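Everything numeric here is computed off the predicted structure, so don't read it as measured data.
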Amino acid sequence: MDTAPAQDPGQLTFRDAADADVPALVTLIESAYRGDSSRAGWTTEADILQGRRTDPDGVRQVVEAPGSRLLVVERDGALVACCQLEHRGEAAYFGMFAVRPGLQGAGLGKVIIAEAERTVRESWGVREMHMTVISVREELIAWYERRGYRRTGELSPFPYGDERFGIPQRDDLVFELLVKDLV
């Protein structure tokens, strides 16, 4: 959502997550997407999914997996955001993107996604960034489109019945692949 004027996001530091970060990362991700706390921001999924977004094991798998990084974003030593980067051949996958709800809409997301794109270009030499977004998240998809991502029309099913991904509140959820050229 770009309605708020761009503000200086302050001095951000980026680093790879460590096992010790897992509990705080789970809390951040959950707060950005689920439950009443997520409603303070605009990326909430609370109206379409209930239950959890992730758990310690899921976050730890991203931290420890070969070819995967969980980028931690801090401002003044405090955790403010994170995103998953996964090397997939000529492309990188961008996921698990979370910004603390009270800080959303202030320009942090733009800075973080630009840094993620720079990181995968320099670290892995990839030509594209891929992500999947729940197709009914039109406002979020529009935000990514303004960052240069394009809808592919390539859909994959939502894992209904697997509560590790949440409890759907609608029966029309699918993921759509978004792609951005990085060269």
Side-chain angles (χ1 to χ4, degrees), residues 12-35 37-38 41 43-46 48-75 77-101 103-104 108-134 137 140 143-144 147 149 154 156-159 162-168 173-180 182:
L12 299 177
T13 57
F14 297 83
R15 64 175 176 81
D16 288 338
D19 279 342
D21 296 312
V22 169
L25 288 165
V26 170
T27 299
L28 170 68
I29 294 162
E30 290 295 313
S31 74
Y33 288 95
R34 302 289 164 77
S37 66
S38 69
T43 62
T44 184
E45 294 174 343
I48 61 172
L49 292 163
Q50 292 182 356
R52 68 181 186 209
R53 168 71 188 243
T54 192
D55 62 22
D57 288 337
V59 172
R60 194 169 290 106
Q61 286 175 9
V62 172
V63 170
E64 296 175 353
S68 176
R69 300 171 71 177
L70 188 54
L71 204 57
V72 170
V73 185
E74 296 172 320
R75 183 169 60 193
L79 176 64
V80 296
C82 68
C83 64
Q84 171 191 9
L85 303 172
E86 184 179 317
H87 191 191
R88 296 183 178 178
E90 291 290 313
Y93 179 80
F94 179 84
M96 213 175 271
F97 187 28
V99 174
R100 190 182 302 164
L103 300 176
Q104 292 176 16
L108 281 174
K110 293 175 198 177
V111 172
I112 294 163
I113 199 166
E115 176 63 15
E117 292 164 358
R118 185 198 67 74
T119 297
V120 299
R121 270 193 317 269
E122 290 183 8
S123 297
W124 298 326
V126 298
R127 305 175 62 79
E128 292 182 332
M129 183 79 92
H130 294 186
M131 70 175 71
T132 54
V133 179
I134 297 172
R137 305 283 319 277
L140 183 59
W143 187 87
Y144 284 121
R147 312 275 97 56
Y149 288 80
E154 185 178 322
S156 57
F158 186 87
D162 187 343
E163 291 189 11
R164 290 177 302 160
F165 299 94
I167 302 167
L173 302 181
V174 295
F175 292 107
E176 182 169 0
L177 177 66
L178 305 183
V179 175
K180 180 177 180 177
L182 298 179

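- Residues Cys83 and Ile112 approach most closely at SG-CG2, 4.3 Å, considering heavy atoms.
- Leu79 approaches Ala24 most closely through the heavy-atom pair CD2-O, 3.6 Å.
- What you find for Ala32 and Pro101 is that their closest heavy atoms are CA-CG, 3.9 Å.
- Under the rule for a side chain to side chain contact (heavy atoms under 4.5 Å, CB included), Gln61 has no partner lying at least two apart in sequence or in another chain.
- With sequence neighbours excluded, the residues that form a side chain to side chain contact (heavy atoms under 4.5 Å, CB included) with Phe158 are Leu49, Ile134, Tyr160, Phe165, Pro168, Leu173, Phe175.
- Contact record, Ala17 with Leu25: CB-CD1, 3.8 Å, taken as the closest heavy-atom pair.
- No option in Leu85, Leu70, Thr54 other than Leu70 meets the side chain to side chain contact (heavy atoms under 4.5 Å, CB included) test with Val62.
- Counting only heavy atoms from C-beta outward, the side chains of Glu176 and Val133 never approach each other to under 4.5 Å.
- Considering only residues two or more places apart in sequence or on other chains, Arg52 meets the side chain to side chain contact (heavy atoms under 4.5 Å, CB included) condition with Glu30, Asp55, Arg164.
- With sequence neighbours left out, the side-chain hydrogen bond (donor to acceptor under 3.5 Å, both in side chains) criterion links Glu90 to no other residue.
- Side-chain polar atoms of Tyr93 and Ser68 form no donor-acceptor pair below 3.5 angstrom.
- Considering only residues two or more places apart in sequence or on other chains, Arg100 meets the salt bridge (charged side-chain N to carboxylate O under 4.0 Å, His left out) condition with none of them.
- The salt bridge (charged side-chain N to carboxylate O under 4.0 Å, His left out) search around Glu154 returns none, not counting sequence neighbours.
- Gln104 approaches Val99 most closely through the heavy-atom pair NE2-O, 2.8 Å.
- Taking Ala92 as the reference, Val120, Trp124, Val126, Met129 meet the side chain to side chain contact (heavy atoms under 4.5 Å, CB included) condition, with sequence neighbours excluded.
- The side-chain hydrogen bond (donor to acceptor under 3.5 Å, both in side chains) search around Arg15 returns Asp21, Glu74, not counting sequence neighbours.
- Under the rule for a ring pair (Phe, Tyr, Trp, His ring centres under 6.0 Å), His130 has no partner lying at least two apart in sequence or in another chain.
- Residues Arg127 and Leu182 have side chains not in contact (no heavy-atom distance under 4.5 Å, counting atoms from C-beta outward).
- Here Phe97 pairs with Phe94 under the ring pair (Phe, Tyr, Trp, His ring centres under 6.0 Å) rule; sequence neighbours left out.
- Considering only heavy atoms from C-beta on, Ile113 comes within 4.5 Å of Met131 through its side chain.
- For the pair Leu71/Asp16, a side-chain contact is recorded, criterion being any heavy-atom separation below 4.5 Å from C-beta on.
- Using modelled atom types, one finds a donor on one side chain and an acceptor on the other under 3.5 Å when comparing Arg69 with Ser123.
- Evaluation of the side-chain hydrogen bond (donor to acceptor under 3.5 Å, both in side chains) rule for Tyr149 yields Glu117 as partners, not counting sequence neighbours.
- Counting heavy atoms from C-beta outward, Tyr33 and Met96 have side chains that stay 4.5 Å or more apart.
- Arg88 is linked by a side-chain hydrogen bond (donor to acceptor under 3.5 Å, both in side chains) to Glu86, counting only residues two or more places apart in sequence or in another chain.
- For the pair Val73/Glu115, no side-chain contact is recorded, criterion being any heavy-atom separation below 4.5 Å from C-beta on.
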